[in-house]
Trainee: 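Attaching a single structure in structure tokens format; questions to follow.
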2 protein chains.
Amino acid sequence: MRALCVEDDPRIAADLAGALGRAGFAAEICGDGEEAWFLGDTEEYGLIVLDLGLPRMDGLSVLKRWRAAGRQVPVLVLTARGSWQERVEGIDAGADDYLPKPFRMEELVARARALVRRSAGQGAPRQEIGALSLDTTRMTVAIGGQPVAVTALEYRLLAYLALHRARPVPPTELLDHLYGDEDAREANALEAVVARLRRKLGRGVIATRRGFGYQIEGAA
Amino acid sequence: MRALCVEDDPRIAADLAGALGRAGFAAEICGDGEEAWFLGDTEEYGLIVLDLGLPRMDGLSVLKRWRAAGRQVPVLVLTARGSWQERVEGIDAGADDYLPKPFRMEELVARARALVRRSAGQGAPRQEIGALSLDTTRMTVAIGGQPVAVTALEYRLLAYLALHRARPVPPTELLDHLYGDEDAREANALEAVVARLRRKLGRGVIATRRGFGYQIEGAA
DNA sequence: CCCCGGCTGACAGTTCGCTGACAAGCCGCG
DNA sequence: CGCGGCTTGTCAGCGAACTGTCAGCCGGGG
């Protein structure tokens with residue numbers, strides 16, 4: 001899991017990155033408020049450790065901007081200023097936790113773990129099978145990173161194949177899943193859907209295994 | 001929202017309950033570890049403030065039992081013991097936040113609010129999604145900085161879409177949220193509301209994903 | 001060589017969602 | 001109590017996107 005350490009003192013930043021690294025994070029360092037804002041807005045982190053005193057943009061402003069933009073990444077705020085007013089301000093800005101300097105690395109790591117554990121319940125489930133990637137939250141499909149527009153029916157078919165990627169899925173089962181067993185469709189309807197998908201995704205994504213069914217290619 | 005204050009000193013407990021009450025919680029008091037464990041296990045609270053030094057059962061044990069039983073209620077731990085080892089232990093036991101005594105009631109309330117806000121899945125009081133900005137405390141909407149007057153119903157729809165911006169929201173879910181499942185409305189009512197909103201906000205704010213639902217545009 | 005399972009492109013029926021108009025409810029105000 | 005404005009559900013018509021069907025094609029296996 002990626003972690004971002006925003007801290008202008010290079011020595012502390014290195015310590016932070018080291019401790020987080022030993023705790024299993026892939027830690028990156030950033031010493032500048034504006035760059036931090038940009039990184040947090042564009043990259044995907046599982047955790048951000050944010051110092052408040054920063055050059056070019058104050059840490060609180062950075063945090064507020066992230067939250068205003070809807071970024072939900074867990075943020076742990078560090079500060080040298082220990083007054084309770086400052087703490088209240090930090091928390092109201094959207095910090096998930098707050099740690100006054102000086103602190104022990106052990107405590108920081110424990111809090112970081114707690115934050116990550118807490119936010120683990122709401123991850124973005126994304127499946128990648130070969131070049132195909134399928135975001136089950138947004139209900140979007142991409143092939144080799146390029147987004148592809150698919151219809152609801154096509155999406156349901158793909159999602160079902162992805163879920164059962166380990167085996168070929170027989171046409172009867174797909175028909176049942178897509179239409180419900182009461183509403184009987186001609187078998188050809190399925191082939192038509194597959195054909196349309198293949199046209200959108202390119203060959204080499206949905207494989208036909210004659211007599212067995214369909215299976216997503218590159219599925220182990 | 002109900003809050004439980006677990007604290008054996010009656011004076012502090014009363015202070016806690018008072019402060020939380022003024023912050024909008026329905027605060028209850030409990031001074032005994034075992035009773036606290038029972039209450040937290042059987043009742044529904046939106047927040048629990050837990051002191052560690054308790055008669056009959058230690059606060060940490062209470063917390064661990066709740067977590068072992070799968071209770072997800074936000075817990076804010078208080079303690080007189082301020083060493084970092086104790087704090088690490090509390091956090092690893094499953095505390096969502098930690099406050100060393102002595103503390104200011106203002107800070108406790110701020111942290112309590114943050115915990116509740118976080119567990120409700122809602123971020124900052126102001127959200128910006130593309131050109132759309134939505135102030136959830138003042139219940140106002142602006143597009144490109146220009147305030148837009150919306151009705152209560154329209155606002156609730158927008159707020160719901162904003163909260164679930166990461167995914168397309170199916171019409172059935174929106175109908176449930178806006179009207180409650182008992183009061184069945186024609187599906188077209190929803191489309192009418194969306195149409196009115198689009199007329200006010202302009203195109204390119206609420207996107208329709210045919211077969212999936214509605215989604216706020218520019219939701220990354 | 002023929003057959004059969006599966007594929008494809010075209011086409012048309014159907015569904016889905018949008019819009020403008022209208023009327024019923026709701027609320028404040030005189 | 002009546003009135004007017006605002007909100008909001010319903011209706012009907014429309015356009016576009018979706019999707020099932022069909023006829024013909026392909027390719028491998030017997």
Side-chain angles (χ1 to χ4, degrees), chain A residues 139-141 143 147-161 167-217, chain B residues 139-141 147-161 164 167-217:
Chain A
M139 311 229 234
T140 56
V141 176
I143 192 85
V148 175
V150 297
T151 70
L153 187 70
E154 290 163 355
Y155 177 84
R156 288 206 295 148
L157 192 148
L158 259 189
Y160 194 84
L161 287 184
R167 62 180 174 85
V169 181
T172 54
E173 186 181 336
L174 274 174
L175 286 169
D176 269 12
H177 174 69
L178 290 183
Y179 306 110
D181 20 327
E182 77 289 343
D183 190 4
R185 302 287 184 181
E186 193 113 350
N188 203 343
L190 191 60
E191 295 166 15
V193 179
V194 172
R196 282 192 268 263
L197 263 176
R198 285 211 251 246
R199 202 177 312 160
K200 290 182 180 177
L201 303 176
R203 311 304 169 97
V205 175
I206 302 177
T208 304
R209 300 192 48 197
R210 220 162 221 257
F212 294 99
Y214 296 99
Q215 187 170 15
I216 294 192
E217 209 138 340
Chain B
M139 312 243 248
T140 56
V141 176
V148 175
V150 296
T151 70
L153 187 70
E154 289 164 355
Y155 177 82
R156 287 208 294 148
L157 193 150
L158 259 189
Y160 194 82
L161 286 184
H164 298 101
R167 64 181 174 87
V169 181
T172 54
E173 186 181 336
L174 273 175
L175 284 170
D176 269 12
H177 174 71
L178 290 183
Y179 306 111
D181 20 322
E182 77 289 342
D183 190 4
R185 300 291 182 179
E186 197 96 1
N188 205 343
L190 191 61
E191 293 162 17
V193 178
V194 171
R196 281 174 197 128
L197 262 175
R198 284 211 251 247
R199 206 173 309 158
K200 291 181 180 178
L201 303 175
R203 311 303 170 98
V205 174
I206 302 178
T208 304
R209 296 191 51 201
R210 205 185 169 108
F212 294 102
Y214 294 99
Q215 188 170 15
I216 294 192
E217 209 138 337

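Fair warning: this is a prediction, and the values are worked out from it, not measured in the lab.
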Trainee: Starting the side chain at C-beta, find the nucleotide from D:dT21, D:dC11, D:dC18 nearest to B:Glu186.
Mentor: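 In terms of side-chain proximity for B:Glu186, the closest of D:dT21, D:dC11, D:dC18 is D:dC11.
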Trainee: Would A:Arg167 and A:Val169 count as a side-chain contact (heavy atoms from CB on, under 4.5 Å) if you check the C-alpha gap in whole Å, the side-chain angles of each, and the deciding distance to 0.1 Å?
Mentor: CA-CA 6 Å; A:Arg167 62 180 174 85; A:Val169 181; 4.2 Å; yes
Trainee: Spell out yes or no: do the side chain of B:Arg209 and the base of C:dG17 have one donor N/O and one acceptor N/O closer than 3.5 Å?
Mentor: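 Absent.
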Trainee: Would you indicate which nucleotide in C:dG17, C:dC7, D:dG9 comes nearest to any side-chain atom of A:Asn188?
Mentor: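 For the A:Asn188 side chain, the nearest candidate turns out to be C:dC7.
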Trainee: Please report, rounded to the nearest Å, how far the P atom of D:dG20 is from the CD atom of A:Glu154.
Mentor: 10 Å
Trainee: What integer distance in Å separates B:Leu197:CG from C:dG17:P?
Mentor: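 Answer to the nearest Å: 17 Å.
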Trainee: Could you work out which one of C:dT19, D:dT10, D:dG20 sits closest to the side chain of B:Ala195?
Mentor: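 Shortest atom-to-atom distance from the side chain points to C:dT19.
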Trainee: Toward the 5' end of DNA chain D, which comes first, A:Val150 or B:Leu153, by nearest nucleotide?
Mentor: B:Leu153
Trainee: Taking OP1 and OP2 of D:dA17, is either one under 4.0 Å from a side-chain nitrogen or oxygen of A:Thr151?
Mentor: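 For D:dA17, neither OP1 nor OP2 has a side-chain N or O of A:Thr151 closer than 4.0 Å.
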Trainee: For C:dT8, take OP1 and OP2 only and decide whether either is under 4.0 Å from a side-chain N or O of A:Arg203.
Mentor: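 It does, given that an N or O in the side chain of A:Arg203 lies less than 4.0 Å from OP1 or OP2 of C:dT8.
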Trainee: Is there a side-chain contact between B:Leu201 and B:Val141, using heavy atoms and a 4.5 Å cut-off?
Mentor: yes
Trainee: Could you pick out which residue, B:Arg196 or A:Arg196, lies toward the 5' side of DNA chain D when each is mapped onto its nearest nucleotide?
Mentor: B:Arg196
Trainee: Can you tell which of C:dC7, D:dT19, D:dC11 lies closest to the side chain of A:Arg198?
Mentor: C:dC7
Trainee: Test your reading of the model: is there a side-chain donor-acceptor pair from A:Arg198 to the backbone of A:Ile206, 3.5 Å cut-off?
Mentor: yes
Trainee: Among the candidates D:dT8, D:dT19, C:dC7, find the nucleotide nearest to the side-chain atoms of A:Glu191.
Mentor: C:dC7
Trainee: Closest to the A:Arg210 side chain: C:dG6, D:dT21, C:dC18?
Mentor: C:dG6
Trainee: At less than 4.0 Å, is any side-chain N or O atom of A:Thr208 found next to OP1 or OP2 of C:dC7? Yes or no.
Mentor: yes
Trainee: How many whole angstroms separate atom CG of A:Leu190 from atom C1' of C:dG5?
Mentor: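 Whole-Å distance recorded here is 14 Å.
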Trainee: Is there a side-chain polar atom (N or O) of B:Tyr179 under 4.0 Å from OP1 or OP2 of D:dT8?
Mentor: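 No, B:Tyr179 has no side-chain N/O under 4.0 Å of OP1/OP2 on D:dT8.
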Trainee: Could you check whether A:Tyr214 gets within reach of a base, just the sugar-phosphate, or nothing at all, counting any heavy atom under 4.0 Å?
Mentor: sugar-phosphate
Trainee: Starting from P on D:dC18, measure out to OH on A:Tyr155 and report it in whole angstrom.
Mentor: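 To the nearest whole Å, that distance equals 16 Å.
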Trainee: Show me the side-chain donor-acceptor pairs of residues 152-160 of chain B shorter than 3.5 Å, one per line, residues at least two apart or across chains.
Mentor:
| residue | atom | partner | partner atom | Å |
| --- | --- | --- | --- | --- |
| B:Glu154 | OE1 | B:Thr151 | N | 2.9 |
| B:Glu154 | OE1 | B:Thr151 | OG1 | 3.4 |
| B:Glu154 | OE1 | B:Lys200 | NZ | 2.9 |
| B:Arg156 | NH2 | B:Leu178 | O | 2.7 |
| B:Tyr160 | OH | B:Glu173 | OE2 | 2.5 |

Trainee: B:Phe212 CZ to C:dC16 P: how many Å, rounded?
Mentor: 14 Å
Trainee: In this structure, how many angstroms lie between the P atom of D:dG20 and the CG atom of A:Leu174, rounded?
Mentor: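 Interatomic distance, CG of A:Leu174 to P of D:dG20: 13 Å.
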Trainee: Atom NE2 of B:His164 and atom CG of B:Leu174: how far apart are they, to the nearest 0.5 Å?
Mentor: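 Nearest 0.5 Å value for the NE2-CG distance: 9.5 Å.
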Trainee: Between A:Glu191 and A:Val194, does a side-chain contact (heavy atoms from CB on, under 4.5 Å) hold up when you go through it step by step?
Mentor: CA-CA 5 Å; A:Glu191 295 166 15; A:Val194 172; 5.6 Å; no
Trainee: By nearest atom, which of the nucleotides D:dG20, C:dG9, D:dT19 is closest to the A:Arg199 side chain?
Mentor: C:dG9
